[in-house]
Q: 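Below are the structure tokens for one structure; questions will follow.
Since the model is a prediction, treat every value here as computed from it, not as a measurement. Side chains are part of it too, since the values below use all heavy atoms of this structure and drop only hydrogens, waters and symmetry mates.
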Amino acid sequence: MACKLPAQLATPGKLHHHCQFTITSAFIPLSWRRTLSPEPLLSLSTSFPSGKCHGKQLVTCSAIGTAEATGAVNLGPGTPVRPTSILVVGATGTLGRQIVRRALDEGYDVRCLVRPRPAPADFLRDWGATVVNADLSKPETIPATMVGVHTVIDCATGRPEEPIKTVDWEGKVALIQCAKAMGIQKYVFYSIHNCDKHPEVPLMEIKYCTEKFLQDSGLTHVIIRLCGFMQGLIGQYAVPILEEKSVWGTDAPTRIAYMDTQDIARLTLVALRNEKINGKLLTFAGPRAWTTQEVITLCERLAGQDANVTTVPVSVLRFTRQLTRFFEWTNDVADRLAFSEVLTSDVVFSVPMTETYSLLGVEQKDIITLEKYLQDYFTNILKKLKDLKAQSKQSDFYI
């Protein structure tokens with residue numbers, strides 16, 4: 001099979017209130033329109049068949065094109081690929097590495113797309129995966145990574161120092177178009193819970209746009225929305241408490257149903273094997289939704305010491321967000337502060353999971369709770385600290 005991707009898949013306009021992305025698709029015309037909230041931080045054009053109106057400011061993201069216009073060639077079916085051959089995009093991330101590990105344990109032939117880097121991802125090779133170098137911001141590097149692949153699992157996201165649209169929009173559009181060109185049989189995409197309800201937040205709006213783009217692409221797909229990772233709480237709360245450093249929190253009653261990424265990986269592979277899941281949008285949430293203060297209190301109890309909590313009022317986040325919007329070089333800071341503001345507002349990031357468990361054939365009791373996850377962490381780390389202290393005493397010399 002041969003395919004030809006356009007050298008430039010997205011041509012961004014000026015990043016003001018109206019931002020037009022024209023994306024050349026070699027297969028089907030894709031177009032949708034969505035009305036965003038006034039004064040959006042990042043204008044992504046989107047045109048949906050029946051999008052909701054969130055305000056007066058209209059911005060659009062469109063994808064149009066034909067095979068003739070782009071020179072793509074469809075040579076028909078080629079050599080069949082094994083259903084167990086998967087490509088994990090974002091394999092070095094918090095979730096990606098768990099997907100790789102679980103897939104390898106279950107007998108999948110795993111290929112990992114990672115960016116060229118000074119420190120190669122040797123741990124992935126050590127586990128038994130194949131590592132291929134490519135960069136979502138360089139579409140010409142993508143096609144070779146998909147040769148012989150049946151399923152793409154996309155858990156990549158941009159680095160904090162990168163503009164959000166570079167990887168999370170333009171890169172994902174290139175990835176989806178290439179998957180279509182290469183005849184990928186299934187595409188799994190991770191999104192964010194409630195992304196359709198917060199168009200004022202660039203990352204969440206981009207996730208929603210990508211969902212629609214994938215749905216309209218014609219690819220067999222599964223979309224999984226996530227609420228939060230338990231792993232993220234270790235660096236945010238557990239480690240600072242143990243090291244007696246400041247823990248940053250807010251005064252908002254936001255509740256998040258954190259989930260262990262190992263459970264997310266396990267449920268993903270169950271969904272991958274279930275043909276009834278194709279085309280569905282699932283949301284994975286942990287057993288219980290927690291406020292920031294409840295998480296801190298739990299960590300204090302398990303660590304056996306109090307936390308030095310520094311509370312940041314939501315009003316300060318709002319003011320900082322407005323201030324950073326005045327400077328071009330702080331646009332991405334404002335984008336991420338917008339996301340922080342949603343996470344620190346009076347919302348609940350959780351959904352009932354009974355129907356999802358039934359659909360996947362999974363028992364709720366097999367999903368780890370946050371209490372158990374943090375208890376295991378603190379038990380292990382405190383034991384290691386105790387052992388290190390004992391070894392240190394054995395090496396002391398008294399004269």
Side-chain angles (χ1 to χ4, degrees), residues 5-25 30 34 36 40-46 59-63 65 87-96 112-118 121 132-146 152-180 187 189-192 195 198-214 217 321 324-325 327-340:
L5 292 180
Q8 186 166 337
L9 292 174
T11 306
K14 294 182 179 180
L15 293 179
H16 295 301
H17 294 314
H18 294 275
C19 183
Q20 180 76 25
F21 294 99
T22 301
I23 300 158
T24 304
S25 171
L30 298 175
R34 184 177 185 183
L36 304 185
L41 293 179
L42 177 63
S43 303
L44 286 178
S45 142
T46 45
V59 287
T60 58
C61 253
S62 61
L87 174 69
V88 179
V89 185
T92 59
T94 303
L95 175 59
C112 303
L113 187 158
V114 300
R115 302 192 214 193
R117 57 177 65 191
V132 292
N133 288 332
D135 192 332
L136 296 188
S137 64
K138 300 176 181 178
E140 68 277 6
T141 67
I142 299 174
T145 68
M146 295 187 181
V152 171
I153 300 181
D154 174 12
C155 42
T157 191
R159 296 167 179 165
E161 69 272 13
E162 294 176 318
I164 290 177
K165 73 180 183 67
T166 300
V167 170
D168 289 285
W169 172 246
E170 295 173 353
K172 295 308 179 71
V173 165
L175 190 64
I176 292 169
Q177 289 180 321
C178 188
K180 179 69 174 180
Y187 193 107
F189 174 66
Y190 292 100
S191 187
I192 301 173
C195 64
H198 296 281
E200 76 280 5
V201 181
L203 180 59
M204 299 183 81
E205 175 68 346
I206 287 174
K207 288 290 187 182
Y208 184 55
C209 287
T210 308
E211 289 180 4
K212 303 303 291 183
F213 192 91
L214 177 58
S217 71
R321 172 187 170 189
T324 56
R325 289 177 58 200
F327 306 97
E328 184 175 358
W329 55 270
T330 58
N331 281 343
D332 292 318
V333 175
D335 291 347
R336 297 179 194 282
L337 282 173
F339 186 70
S340 298

Q: So which atom in Pro116 and which in Ala134 form the shortest heavy-atom distance, rounded to 0.1 Å?
A: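 That would be CD-O, 3.8 Å.
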Q: Could you walk me through whether Asn133 and Val114 pass the side chain to side chain contact (heavy atoms under 4.5 Å, CB included) check?
A: CA-CA 5 Å; Asn133 288 332; Val114 300; 3.5 Å; yes
Q: Is there a side-chain contact between Gln177 and Phe213 (heavy atoms, below 4.5 Å)?
A: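 Yes. Closest side-chain heavy atoms under 4.5 Å.
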Q: Run the side-chain contact (heavy atoms from CB on, under 4.5 Å) test against Ser191 and tell me which residues pass, sequence neighbours left out.
A: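 Listed in chain order: Phe189, Cys195, Lys207, Glu211, Ile223, Arg225.
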Q: Look up atom SG in Cys155 and atom CG in Leu95, then write down how far apart they are to the nearest 0.5 Å.
A: 5.0 Å
Q: How far apart are the closest heavy atoms of Asp168 and Ala156, and which atoms are they?
A: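 Residues Asp168 and Ala156, closest heavy atoms: OD1-O, 4.1 Å.
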Q: Is the shortest heavy-atom distance from the side chain of Trp169 to the side chain of Cys209 under 4.5 Å?
A: yes
Q: Can you list the residues that meet the side chain to side chain donor-acceptor pair (under 3.5 Å) rule with Asp135, with sequence neighbours excluded?
A: Ser137
Q: Can you find a pair of side-chain heavy atoms, one from Val152 and one from Leu113, that are under 4.5 Å apart?
A: no
Q: Applying side chain to side chain contact (heavy atoms under 4.5 Å, CB included) to Tyr187 and Leu175, what does each step give before you reach the verdict?
A: CA-CA 10 Å; Tyr187 193 107; Leu175 190 64; 3.1 Å; yes
Q: Just so I know, are the side chains of Leu203 and His198 near enough to count as touching, which here means a heavy-atom distance under 4.5 Å?
A: no
Q: I want to check something: taking the side chain as every heavy atom from C-beta on, are Asp154 and Leu214 in contact at a cut-off of under 4.5 Å?
A: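 Asp154 does not reach Leu214 side chain to side chain.
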Q: Are the side chains of Ile142 and Leu136 in touch, meaning some heavy atoms are under 4.5 Å apart?
A: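 Counting from C-beta outward, Ile142 and Leu136 do come under 4.5 Å.
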